[in-house]
Amino acid sequence: MGTAAFAVPSLRAVVAAGHRVPLVVTQPDRPAGRGQTPTPPPVKVAALELGLPVWQPESIRSEEACARLRDLSPDVIVVAAYGKILPQAILDIPRHGCINVHASLLPKYRGAAPVQWAIYHGERETGVSIMRMEAGLDTGPVYHVRRTPIGPDEDAPTVTERLASLGAEALVEVLRQLDAGTATARRQDDAAATLAPMLTREHARIDWARPARAIHDQVRAFKPWPGAVTQVAGRPVKILRTRYVSEGYEAQGRRPGEVLAVVPDGIAVATGEGALLLLEVQPESRKPMSGAEFARGARIGPGTTLA
């Protein structure tokens with residue numbers, strides 16, 4: 001059961017390992033793009049390429065859904081980035097339970113956006129946890145963990161792609177152990193838990209009074225959605241890529257959001273602590289461009305204030 005691209009390596013790995021997959025459950029096709037054309041989710045595309053049957057129920061909580069899964073008598077239901085909460089009636093169906101591929105080092109960052117919130121909070125390490133699902137939000141016992149560093153300039157798509165591969169490897173190892181009867185799982189320490197709630201458009205707004213390093217983390221965490229957005233002359237501009245500047249620009253005593261300089265690399269902006277260099281931006285209804293190119297076109301110079 002999966003929907004997003006994060007789940008595709010796990011699906012392919014399970015098939016490659018020789019496990020029989022009688023059904024792939026994914027969310028319905030959704031409108032996408034300017035034409036709002038119904039578009040299949042990545043897991044559906046991969047499943048059809050592998051010749052696997054696909055089912056796309058609007059609701060997974062109906063008796064029909066439970067009955068169909070129960071009729072399969074599965075040993076395991078693997079869940080990865082499915083995007084819906086499973087009812088207890090489904091969690092109880094498989095002999096070995098429902099096994100989830102979660103993109104964090106549980107119990108940290110339980111919830112819908114673990115990669116984004118780990119980067120936002122400046123974590124230097126993350127990972128993937130293979131856990132047995134239970135009624136609570138990502139609270140189940142953990143079978144296996146894989147760790148990976150987060151580079152200081154890495155963004156959410158880059159880290160997510162790496163975790164998807166690590167998760168696929170870890171999942172296959174846990175399935176092998178379950179099959180051999182050697183799998184063991186440890187309970188999570190609930191006292192150490194943190195949450196990674198679903199992202200909203202409100203999370204995109206940049207508060208220039210925050211430290212430059214924190215804003216840099218926001219930009220790379222919320223790429224591509226909801227993004228990191230500021231206002232220039234009352235118009236929204238998405239900040240796509242930045243660099244934290246530890247020296248070379250005197251930001252102390254300047255207004256947060258004040259442009260300090262426009263240089264070939266981009267736009268240097270004062271923050272609540274230090275300066276941030278805007279390397280790449282995207283004005284409303286326009287293509288991405290370098291910070292310097294945007295500054296020239298928008299006539300931005302020292303003293304301009306971003307809101």
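Note that the coordinates shown come from a computational prediction; the quantities given were computed from them, not determined experimentally.
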Is there a donor-acceptor pair under 3.5 Å between the side chain of [X] and the backbone N or O of [Y]?
X: Arg220; Y: Thr242; value: no
X: Thr26; Y: Gly2; value: yes
X: Gln27; Y: Ala4; value: no
X: Asn100; Y: Met131; value: no
X: Arg146; Y: Ala168; value: no

Margin query: Under 4.0 Å between a side-chain nitrogen and a carboxylate oxygen: does that hold for Glu63 and Arg70?
Written below: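 Yes.
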
Tell me if the [atom1] atom of [X] is crowded by more than 12 foreign heavy atoms within 6.0 Å.
X: Arg30; atom1: CZ; result: yes
X: Leu72; atom1: CG; result: yes
X: Glu284; atom1: CD; result: yes
X: Glu161; atom1: CD; result: no
X: Arg213; atom1: CZ; result: no
X: Arg235; atom1: CZ; result: no

Between [atom1] of [X] and [atom2] of [Y], what distance do you get to the nearest 0.5 Å?
X: Ser59; Y: Glu64; atom1: OG; atom2: CD; result: 9.0 Å
X: Leu260; Y: Arg254; atom1: CG; atom2: CZ; result: 5.0 Å
X: Ile93; Y: Asp75; atom1: CD1; atom2: CG; result: 13.0 Å
X: Tyr143; Y: Gln177; atom1: OH; atom2: CD; result: 9.5 Å
X: Glu58; Y: Lys84; atom1: CD; atom2: NZ; result: 5.5 Å
X: Thr271; Y: Tyr249; atom1: OG1; atom2: OH; result: 14.0 Å

Next item on the list: Take Arg243 and Asp265 through the test side-chain contact (heavy atoms from CB on, under 4.5 Å) and record every step on the way to the result.
Entry: CA-CA 10 Å; Arg243 186 167 69 235; Asp265 281 352; 3.1 Å; yes

Item checked: His102 side chain to Ser129 side chain, donor-acceptor N/O pair below 3.5 angstrom ->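 Their side chains do not contain a donor-acceptor pair, so the 3.5 Å distance test is not met.
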
Item checked: Thr139 versus Gln188, side-chain donor and acceptor atoms under 3.5 Å ->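 Per modelled atom types, Gln188 and Thr139 side chains form no pair under 3.5 Å.
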
Notebook entry, point to check: Linking Ile, Leu, Val, Met, Phe, Trp and Tyr through side-chain heavy atoms less than 4.5 Å apart, which residues share a cluster with Leu306?
Noted result: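 Joined to Leu306, directly or through intermediates: Ile206, Trp208, Ile215, Val219, Val232, Val237, Ile239, Val259, Val262, Ile267, Val269, Leu276, Leu278, Val281, Met289, Phe294, Ile300.
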
Going by heavy atoms in the side chains, are [X] and [Y] under 4.5 Å from each other?
X: Glu169; Y: His144; answer: no
X: Leu52; Y: Val54; answer: no
X: Val174; Y: His96; answer: no
X: Pro22; Y: Pro74; answer: no

Check: Do the ring planes of Tyr120 and Phe222 sit parallel (below 30°), tilted (30 to 60°) or perpendicular (above 60°)?
Finding: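 Parallel: the ring planes of Tyr120 and Phe222 meet at under 30°.
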
Next item on the list: Could you check whether the rings of Tyr109 and His121 sit parallel, tilted or perpendicular, using 30° and 60° as the cut-offs?
Entry: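 Parallel, since the angle between the ring planes stays under 30°.
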
Margin query: side-chain contact (heavy atoms from CB on, under 4.5 Å), that's the test. Do Phe6 and Val101 meet it? Break it down for me.
Written below: CA-CA 9 Å; Phe6 175 83; Val101 183; 4.0 Å; yes

Margin query: Set out, in order, the CA-CA distance, both residues' side-chain angles and the distance that settles salt bridge (charged side-chain N to carboxylate O under 4.0 Å, His left out) for Glu293 and Arg296, then state yes or no.
Written below: CA-CA 5 Å; Glu293 181 183 1; Arg296 288 194 298 270; 5.5 Å; no

Margin query: Please identify which of these residues, Ile60, Leu11, Val78, Leu23, meets the side chain to side chain contact (heavy atoms under 4.5 Å, CB included) condition with Met1.
Written below: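 The side chain to side chain contact (heavy atoms under 4.5 Å, CB included) with Met1 is passed solely by Ile60 among Ile60, Leu11, Val78, Leu23.
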
Note to self: I need the single residue from Leu195, Thr126, Leu199 that forms a side chain to side chain contact (heavy atoms under 4.5 Å, CB included) with Trp117. Which is it?
What the structure shows: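 Answer after filtering Leu195, Thr126, Leu199: Leu199.
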
Note to self: One pair to check against salt bridge (charged side-chain N to carboxylate O under 4.0 Å, His left out): Asp190 and Arg110. What are the steps and the verdict?
What the structure shows: CA-CA 10 Å; Asp190 291 340; Arg110 295 172 175 174; 2.7 Å; yes

Next item on the list: Would you sort out whether His216 and Asp153 count as a side-chain hydrogen bond (donor to acceptor under 3.5 Å, both in side chains), showing the intermediate values?
Entry: CA-CA 8 Å; His216 175 66; Asp153 295 314; 3.0 Å; yes

Check: Stepwise, does the salt bridge (charged side-chain N to carboxylate O under 4.0 Å, His left out) test hold for Asp155 with Arg241?
Finding: CA-CA 9 Å; Asp155 56 30; Arg241 196 162 50 88; over 6 Å; no

Note to self: Could you walk me through whether Glu134 and Arg187 satisfy the salt bridge (charged side-chain N to carboxylate O under 4.0 Å, His left out) test, starting with their C-alpha distance in whole Å, then the side-chain angles of each, then the deciding distance to 0.1 Å, before giving a yes or no?
What the structure shows: CA-CA 12 Å; Glu134 57 183 31; Arg187 297 299 308 180; 3.3 Å; yes

